[in-house]
Amino acid sequence: MKKPPVDPRERILQVVRRIPRGQVLGYGEVARRAGLPGRARLAAKVLSENNDPDLPWHRVLRSDGRIALPAGSSGFNTQVERLRAEGLTVTAGRVRGAKPAADVDELVWGPPR
DNA sequence: TGCCTGACAAATA
DNA sequence: GTATTTGCCAGGC
């Protein structure tokens, strides 16, 4: 079986990396799928520390479906632009047209046996 | 070792 | 629908 990284940070990055284009996840959801229930804030910190251009961090939103970063910020601007580029609609920091990536579990943990 | 902060979540008004 | 408060856990100093 595939053994996921032991480092919590790596696991979170792994989950975020498997989010399909046009789909989004919440910090709490990402943490839970990474095997770290209740570590939503840790996921946020990890994303804030990350510097990987290939990491679709912009697909990670708050439980309210809102952009986590403050409107007007550089990160906020980038996130909105990227989401729109994927066919989604962003209004007032809110994301529309996107649905929770429920099938990410299989993408992360491999084939569903 | 102890205190403060944080790209959060859920509940309440 | 938004604004506030409380709780949870890890990381940094």
Side-chain angles (χ1 to χ4, degrees):
Chain A
M1 67 196 249
K2 291 174 188 170
K3 204 166 191 133
V6 205
D7 184 32
R9 307 208 295 92
E10 284 296 311
R11 299 178 68 156
I12 292 168
L13 291 173
Q14 186 76 356
V15 174
V16 176
R17 223 167 277 165
R18 302 294 128 125
I19 302 177
R21 173 181 171 284
Q23 292 187 315
V24 295
L25 274 180
Y27 289 94
E29 287 294 302
V30 170
R32 192 175 273 280
R33 290 174 192 281
L36 307 166
R39 267 41 128 206
R41 302 188 88 164
L42 181 60
K45 182 161 286 195
V46 172
L47 292 184
S48 66
E49 292 285 307
N50 102 358
N51 197 19
D52 192 325
D54 288 317
L55 185 73
W57 59 270
H58 56 268
R59 292 174 189 152
V60 186
L61 311 172
R62 278 180 27 181
S63 59
D64 299 61
R66 291 260 217 181
I67 307 280
L69 296 146
S73 279
S74 178
F76 177 88
N77 196 344
T78 303
Q79 185 161 18
V80 173
E81 198 173 328
R82 283 197 148 188
L83 287 170
R84 284 179 176 175
E86 298 195 351
L88 301 178
T89 307
V90 183
T91 59
R94 212 159 33 222
V95 179
R96 286 235 190 181
K99 26 192 255 209
D103 43 310
V104 176
D105 333 315
E106 303 176 6
L107 293 171
V108 175
W109 300 105
R113 277 156 273 179

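Lettering of chains follows the sequences in order, A, B, ..., and the numbering in each one begins at 1.
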Asks: Could you list by number each residue of residues 64-72 of chain A showing a heavy-atom separation from DNA chain B of less than 4.0 Å, or answer none if no residue does?
Replies: A:Ala68, A:Leu69

Asks: Can you name the nearest heavy-atom pair linking A:Ala40 to A:Ala31, along with the distance?
Replies: N-CB, 3.9 Å

Asks: Between A:Arg32 (CZ) and B:dA10 (C1'), how many Å, whole number?
Replies: 13 Å

Asks: Can you tell me the distance, in whole Å, between the CH2 atom of A:Trp57 and the C1' atom of B:dC8?
Replies: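 Distance check: A:Trp57 CH2 to B:dC8 C1' gives 16 Å.
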
Asks: Which heavy-atom pair separates A:Gly35 from A:Arg11 by the least distance, and what is that distance?
Replies: CA-NH2, 4.1 Å

Asks: Kindly compute the distance separating OH (A:Tyr27) from CZ (A:Arg41), expressed to the nearest 0.5 Å.
Replies: 12.0 Å

Asks: For A:Leu61 and A:Arg66, which heavy atoms make the closest approach, and how far apart are they?
Replies: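 That would be CB-O, 3.6 Å.
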
Asks: Please determine if A:Arg59 and A:Glu86 form a salt bridge, counting it only when a charged side-chain N lies under 4.0 Å from a carboxylate O.
Replies: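 A salt bridge is present here (some side-chain N lies under 4.0 Å from a carboxylate O).
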
Asks: At what distance, to the nearest 0.5 angstrom, does CG of A:Leu36 lie from CG of A:Leu42?
Replies: 7.0 Å

Asks: Taking all atoms of both residues into account, what is the closest heavy-atom pair of A:Leu83 and A:His58, and its distance?
Replies: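 Smallest heavy-atom distance, with atoms named: CD2-O, 3.5 Å.
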
Asks: Regarding A:Ser48, tell me which of base, sugar-phosphate or nothing describes its non-hydrogen contacts under 4.0 Å with the strands shown.
Replies: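 Counting heavy atoms under 4.0 Å across all strands, the contact made by A:Ser48 includes a base.
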
Asks: Identify the two heavy atoms, one from A:Val60 and one from A:Gly26, that lie closest to each other, and give their separation to 0.1 Å.
Replies: CG1-C, 4.3 Å

Asks: Measuring from A:Glu49:CD to A:Ile12:CD1, what's the distance to the nearest 0.5 Å?
Replies: 12.0 Å

Asks: Rounded to the nearest angstrom, tell me the gap between atom CG in A:Asn50 and atom C1' in B:dA7.
Replies: 11 Å

Asks: Can you give me the closest heavy-atom contact between A:Arg17 and A:Pro56, atom names plus distance?
Replies: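 Taking A:Arg17 first and A:Pro56 second, the nearest heavy atoms are CA-CD, 3.9 Å.
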
Asks: Please check the phosphate of B:dA10 (OP1 and OP2 only) for any side-chain N or O of A:Ser63 closer than 4.0 Å.
Replies: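 For A:Ser63, the contact criterion (side-chain N or O under 4.0 Å from OP1 or OP2 of B:dA10) is met.
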
Asks: Residues of residues 79-94 of chain A with any non-hydrogen atom less than 4.0 angstrom from an atom of DNA chain B: list those, numerically ordered, please.
Replies: none

Asks: Between A:Asn51 (CG) and B:dA7 (C1'), how many Å, whole number?
Replies: 15 Å

Asks: Report the distance from atom CG of A:Leu13 to atom CG of A:Asp54, rounding to the nearest 0.5 Å.
Replies: 12.5 Å

Asks: Walk along nucleotides 8-13 of chain C from 5' to 3' and tag each nucleotide B, S or - by protein heavy-atom contact under 4.0 Å, base first, then sugar-phosphate.
Replies: BSSS--

